[in-house]
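Because the structure is a prediction, the values reported are computed rather than measured. All values below were derived from every heavy atom in this structure, side-chain atoms included, with hydrogens, water molecules and symmetry-related copies excluded.
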Amino acid sequence: MAKKYIDVMDTTFRDGFQSVFGGRVLMNDFLPAVEAAKTAGITHFEFGGGARFQSLYFYLREDAFEMMDNFRKIVGPDANLQTLARGVNTVMLDTGSKELIDLHAKMFKKHGTTTIRNFDALNDVENLKYSGERIVHHGLKHEVTVTMMDLPPGCYGAHTVEFYEKTLREILDSGIPYNSICFKDASGTSSPQKVFETIQMARKLVPEGTHLRLHTHETAGVSVAAYMAALEAGVDGIDMAASPVSGGTSQPDILTMLHATKGMDYDLGGLEINKILTYEKELQACLSDYFFPPEATMVSPIIPFSPMPGGALTANTQMMRDNGIMDKFPEVIAAMTEVVEKGGYGTSVTPVSQFYFQQALNNVMQGPWNAIAPGYGKMVLGYFGKTPVAPDPEVVKIASEKLGLEPTTEKALDLANADESKSLSNWINKLKEENIEITEENIFIAAACQDKGIAFLKGEGELNVRKLSDMKKEEEKEKEKGSKSMGSGNYTVVVDGQKFSVQVAEGDANIQVTAVDGESTSVSAPESKPSTPAASGGNLLDIKALLPGNVWKIVANPGQSVNEGDVILILESMKMEIDVVAPKGGVIKSINVATNDKVVEGQVVAVLG
């Protein structure tokens, strides 16, 4: 009896990179491994889309479309190259208009894509209709998706086999065109038994011959068991990755699954162990200089309590390292249970996983529900579609008050279409204002990545890749710097566990020492130069950064009168834009930071008089 052929998609170059490095892997570093994968007999690759699309523009100064073209040249015309899309969001930071959703499908077809896996994190089928239609219209294969996870202990109301059956029936009844169906568990938290029952249910429900797939992660330690359960239930395809970006927060390793199915009646993609070993050796050489975050290489038994998907976990921990708050990570993970429960049980996969993480971070750093992350707030208010269950009424009320928005039941696509800022003409005009060439690719890059997309197109993109060689050089620079005296500038110092914001200047000068978490102390020297005012008493009031991050935009200027609640400047932290507002009316005495400056939690960024 012939073994059942199981289609294997190699996720190494999309989800593997996203799950381990937050997507930050340079094209020329990994392309030799693509050649090795082709030689090993792999013909189905996940090669772009999802958060990996944005990461090239945000952190790598690379063009995702150029990367996709180069990938296609290496693997040839017959390989199945797959990308990931998020329904009405496609690969954008926000929901897209019909024009932008159509442009996404058109551009991805143009740049070598065969199949698009298309999901909605809320399992709101309404959000899959138009995107699925445009994918097929442009000659692409559409893999429609049901998103899965296990709810944290003690939470009930969604993410059961019955819930997935209801979602699947809605997809089948909607008339959405599709070529295959995927059950996607980005957090890897679904129990193997639930996976078995879900695939078994789907196999009975869908027309005969329908291609069913399962996607999961090893984050919670049950991915191999989940795949074995899915194979037993009748699945046709599974996703795997190659070492060193397999296991941990990523997909199970190809070799691991070949071993797990040894002696069974499954043929995993016709793959051979010796050829995969050669491929993995090449990949390891390609990535030998990359820093592997420890949390990306291990199973976490607490993930079912969060749940945090692999692709978002390392993206967030990388940003926490960038901002110097990695020590808060365990608290943020612990805070996610409440955030998930009160948010309506959207599946923890991008963008919802990011909303959960941002809100949990706010709850840890600023106190429970004192600040609402914009994405989380708009989700509970209904701006991205219908959540699986109704969000907590008190949280909805807080979100409405904090964001100044009323709850809505309008379709996400209708809201996006009514928003002029999401029209093609708006982004064409923005490109013209910046003297950037008007191409369909540039329009989509700008619309998808907004200010960072514009910065990339102007040649001003950021390069932020964690390589061991670069980290060693930085370490040596820091040592060298430490052996010399401090230069002039603003510094944050810690004395007996208390943080202080300090100004340092050469020669005789008046300098200010401001206690970040308390009253300020003025230290005078004989000679005087003009210095920045601090909250040293009287009517002066220090305005401090509540989170670490970068200064994205300065809105108010010294001497300007402001009212209570007026925005003084905007910080960017953890993919959030955070308004720093005037706590009362007054006059801006000083702005103590400049655009693009890094700031720490509690640092004085402005003084109000």
Side-chain angles (χ1 to χ4, degrees), residues 48-51 53-54 57 64-65 83-111 113 116-122 124-140 142 144-145 174-177 346 350-352 354-355 374-375 377-379 381-386 403 405-434 436 438-454 456-457 575 577:
F53 180 83
Q54 295 158 3
Y57 302 105
F65 293 126
T83 61
L84 187 67
R86 314 178 195 116
V88 291
N89 282 64
T90 62
V91 295
M92 295 181 280
L93 293 172
D94 197 358
T95 52
S97 64
K98 283 188 172 183
E99 291 177 326
L100 292 176
I101 291 169
D102 178 75
L103 186 59
H104 161 258
K106 182 179 181 182
M107 289 299 93
F108 275 57
K109 171 64 177 178
K110 178 180 176 181
H111 292 281
T113 305
I116 294 182
R117 176 177 290 170
N118 187 33
F119 73 90
D120 180 67
L122 302 181
D124 185 342
V125 175
E126 198 61 46
N127 288 341
L128 298 172
K129 290 179 179 178
Y130 187 74
S131 54
E133 176 195 317
R134 300 323 290 167
I135 287 167
V136 173
H137 172 81
H138 285 286
L140 293 149
H142 180 214
V144 70
T145 304
S174 71
I176 297 171
T350 306
V352 169
Q354 193 65 24
F355 301 159
K378 291 178 76 175
M379 177 182 72
L381 291 170
Y383 285 83
F384 302 135
K386 187 178 179 182
L403 301 183
L405 295 170
E406 291 298 319
T408 183
T409 55
E410 282 193 65
K411 294 176 184 177
L413 184 58
D414 291 343
L415 290 168
N417 276 331
D419 187 344
E420 177 57 30
S421 70
K422 296 177 180 180
S423 67
L424 285 183
S425 60
N426 173 66
W427 290 104
I428 290 169
N429 289 334
K430 284 187 181 294
L431 293 181
K432 286 179 180 176
E433 288 169 11
E434 299 289 349
I436 296 170
I438 309 297
T439 66
E440 288 183 314
E441 285 83 354
N442 287 353
I443 294 167
F444 190 76
I445 291 166
C449 302
Q450 299 178 18
D451 292 311
K452 290 194 175 183
I454 295 287
F456 166 81
L457 293 170
K575 290 188 179 179
E577 290 175 13

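- Contacts of F355 classified as ring pair (Phe, Tyr, Trp, His ring centres under 6.0 Å), with partners at least two apart in sequence or in another chain: F384.
- At least one side-chain heavy atom of S425 sits under 4.5 Å from a side-chain heavy atom of E420.
- At a threshold of 4.5 Å between non-hydrogen side-chain atoms, the residues I135 and N118 count as touching.
- Of all non-hydrogen atoms in D120 and L128, the two that sit nearest each other are N-CD2, 3.6 Å.
- K378 and L403 make their closest contact through N-CD1, 3.8 Å (heavy atoms, listed as atom of the first residue, atom of the second, distance).
- The two residues L140 and A105 come nearest to each other via the heavy atoms CD1-O, 3.5 Å.
- The closest side-chain donor-acceptor pair between E126 and S174, if any, does not fall under 3.5 angstrom.
- The two atoms that bring H104 and A85 nearest to each other are CE1-CB, 3.8 Å, heavy atoms only.
- The existence of a salt bridge linking D124 and K386 is excluded, since no basic side-chain nitrogen approaches an acidic carboxylate oxygen closer than 4.0 Å.
- L84 places none of its side-chain heavy atoms less than 4.5 Å from the side chain of T350.
- Contact annotation: the side chain of T90 approaches that of F444 to within less than 4.5 Å [non-hydrogen atoms, C-beta and beyond].
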Open item on the list: Evaluate K411 against V88 for side chain to side chain contact (heavy atoms under 4.5 Å, CB included), listing each step before the verdict.
Closed with: CA-CA 10 Å; K411 294 176 184 177; V88 291; over 6 Å; no
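- Taking the side chain as every heavy atom from C-beta outward, I438 and I443 approach each other to under 4.5 Å.
- Considering every non-hydrogen atom in both I101 and S131, the closest pair reads CG2-CA, 3.7 Å.
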- [ ] Please assess L413 against K129 for the test side chain to side chain contact (heavy atoms under 4.5 Å, CB included), listing each intermediate value before the final yes or no.
- [x] CA-CA 10 Å; L413 184 58; K129 290 179 179 178; over 6 Å; no
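- G385 and A412 make their closest contact through N-CB, 4.2 Å (heavy atoms, listed as atom of the first residue, atom of the second, distance).
- At a threshold of 4.5 Å between non-hydrogen side-chain atoms, the residues L100 and L424 count as touching.
- Between F65 and F108, the two ring planes are perpendicular [angle over 60°; tilted spans 30° to 60°].
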TODO: Given side chain to side chain contact (heavy atoms under 4.5 Å, CB included), test T83 with V91 step by step and report yes or no.
DONE: CA-CA 10 Å; T83 61; V91 295; over 6 Å; no
TODO: May I have the step-by-step check of side chain to side chain contact (heavy atoms under 4.5 Å, CB included) for L415 and T95, ending in yes or no?
DONE: CA-CA 9 Å; L415 290 168; T95 52; over 6 Å; no
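- For H138, there are no ring pair (Phe, Tyr, Trp, His ring centres under 6.0 Å) partners two or more places apart in sequence or in a different chain.
- By the ring pair (Phe, Tyr, Trp, His ring centres under 6.0 Å) test, F456 pairs with Y57, sequence neighbours left out.
- Side-chain contact check for L457 versus E434: every heavy-atom pair is 4.5 Å or farther apart.
- Side-chain atoms of K110 and E441, non-hydrogen and from C-beta on, do get closer than 4.5 Å to each other.
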